[in-house]
There are 2 protein chains.
Amino acid sequence: MTQTRRERLRETTFAEIKSVARQQMAEQGTAAISLRAIASQMGMAAPSLYNYYKSRDDLITALLIEAFNSLADTLETASLAIPTKNGGEKLFAAYLAYRDWALRNSTDFSLITGSPIPGYHAPENITTPAAKRIMGLFQLLWREACSQNQFIIPAEYTEIPDGLRQQLEAWKEFEGNYLPPAVLHLLLASWAQAQGMVSLELYGQLRNNLKEPFEFYQFEIRSLLKRVGLSVQNN
Amino acid sequence: MTQTRRERLRETTFAEIKSVARQQMAEQGTAAISLRAIASQMGMAAPSLYNYYKSRDDLITALLIEAFNSLADTLETASLAIPTKNGGEKLFAAYLAYRDWALRNSTDFSLITGSPIPGYHAPENITTPAAKRIMGLFQLLWREACSQNQFIIPAEYTEIPDGLRQQLEAWKEFEGNYLPPAVLHLLLASWAQAQGMVSLELYGQLRNNLKEPFEFYQFEIRSLLKRVGLSVQNN
DNA sequence: AGGTTAAACTAACGGCGTTAGTTATTTAGA
DNA sequence: TCTAAATAACTAACGCCGTTAGTTTAACCT
């Protein structure tokens, strides 16, 4: 498995392309991924990039995958590193880490969520597995939370309409997890809640209303967890 | 105030530009707003468009304003047309209309929320008033909901941390409305919830989990309202 | 009817992604 | 070790894009 010299060079070039792309994306926005600009900053001719990615969209897809994994890594270390056995704390940490990652890596967040780039549409067979990793982590965390004995299902979730219950159970079987429908619903709803708050903040739609959206976010997540019986430390 | 012939022509040209732009946006995505393509479809030369909008961004801004107003109109007619005095029903209708509008006008939704277009950044002095119209409507609806005697503030919202409360009260005074902080928080949180669910659905992130996201959305909004004491009819 | 104004045009600049064809360099096999 | 294959760089070019400058045609007002 020893690499030849060319293979080593090729790998570093791959890395450099992605790195420069990331840098330009961070400086000038998601849509500013320009092969010509990347090439020029690297001191090479634009068409040469086609030896590495067969199109601009392919490069974006590579960045997208890295973004998904970066988010998943962040959530994992933030939640799984919590030394307590309190599932609520772990969930809390994960949701806070979600916002934190999104704000720190706003272009990656735009890449993941929404349709951030001109003609680009993410190929499903690529993004789906990456997204599943994150979903899987939240399933794990909610499963742990479920097993806490303070955990309760809020009154308004005790009766789920048949149609929705069937969908949730179909998903449950497909994924091979053991969460009851109400908890799956909670998972999805809280995910939407978190993403909604983050994107409102990130895209400036809260600017007129809140000076420090973090307190809003934190309080809402805390309330959400309190609703299911999981209270979280004040710091 | 009688218009000259030229003024009439000018107005219809303005309208045609926006219409063609909308059409191309709907067909090929938000980012496909191309002055050259618009001009060619209209049978004129691209630079002539500069007699109407001083740049591509200006055209986008015009579309953005129309989108905001279209959404606001939709929400108004959906909610204010509810013939009951049940504030919960009106809120429910507004939230359902929100999703419905977003799905029917997905490119406009992308325009409003997020940063959908290459170099484009919406000028705040333009978008802020338009956004305020929608916010104002929700404030009105929540104010009405507040006055229902079944309305209750959920336990987890009764104690708002000082920092957040101050922010909410600052907003309250600035806007000249009379909603208590907990209700303002509810307003923002439910807005984030709705937008989060819609964007998850619209950008395909629920595809692996739910076949019919409408039932999910409806149930969650219903639960949200039930949580504040407002139960909503089954249809 | 003639002068002014507005709206169309053409030509051009510099940017973009991408393809085709070419040249130099590294690798692998005889 | 010498040679043939494969790889990675290059240049030139096509057809898009937004935008500017300069020019011509048409509509308006007096």
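Below, chains carry the letters A, B, ... as their sequence lines are ordered, and counting in each starts from 1. Quick caveat: nothing in here was measured; it's all calculated off a predicted structure.
Rounded to whole Å, the distance from CE on Met42(A) to P on dC10(D) is 10 Å. The interatomic distance linking Gln41(A) (CD) with dC16(C) (P) rounds to 12 Å, in whole Å. Computed from coordinates, the Tyr53(A) OH to dG17(C) P distance equals 15 Å when rounded to whole Å. The distance from atom CD1 of Ile38(A) to atom C1' of dC16(C) is 12 Å, rounded to the nearest whole Å. Here dA6(C) presents its P atom at 16 Å from CD of Glu11(B), a figure rounded to the nearest Å. In this entry the distance linking OH of Tyr120(A) with C1' of dG17(C) reads 16 Å, nearest Å. Nucleotide dT18(C) holds its P atom 14 Å from the CG atom of Asn51(A), rounded to whole Å. One can place NZ of Lys54(A) at 16 Å from P of dA8(D), the figure rounded to the nearest angstrom.
Closest to the side chain of Tyr50(B), out of dA8(D), dG18(D), dT18(C), is dG18(D). Listed candidates were dA9(D), dC9(C), dC17(D). Nearest to the side chain of Pro47(B) is dC9(C). Side-chain proximity of Arg56(B) to dA13(D), dT19(D), dT11(D): nearest is dT19(D).
One N or O on the side chain of Gln167(A) and one on the backbone of Glu212(B) form a donor-acceptor pair closer than 3.5 Å.
Taking the nucleotide of DNA chain D with the nearest heavy atom to each of Arg36(A) and Ser48(A), the more 5' of the two is matched to Ser48(A).
For the pair Thr74(A)/Tyr98(A), no side-chain contact is recorded, criterion being any heavy-atom separation below 4.5 Å from C-beta on. Side-chain contact check for Leu188(B) versus Trp171(B): some heavy-atom pair is nearer than 4.5 Å. Looking only at side-chain heavy atoms (C-beta outward), Thr128(B) and Arg207(A) stay at 4.5 Å or farther from each other.
Between dA7(C) and Arg10(B), a contact under 4.0 Å exists linking OP1 or OP2 to a side-chain N or O. Considering only side-chain N and O atoms, Tyr52(B) lies under 4.0 angstrom from the phosphate OP1 or OP2 of dA8(C). For the OP1/OP2 pair of dG18(D) and a distance below 4.0 Å, the side-chain nitrogens and oxygens of Ser55(B) include no atom meeting the criterion. A close approach under 4.0 Å does not occur between any side-chain nitrogen or oxygen of Thr13(A) and OP1 or OP2 of dA8(D).
Heavy atoms of Ile33(A) sit under 4.0 angstrom from primed sugar atoms or phosphate atoms, though from no base atom.
Nearest heavy-atom pair across Leu225(A) and Leu91(A) is CD2-CD1, 4.0 Å.
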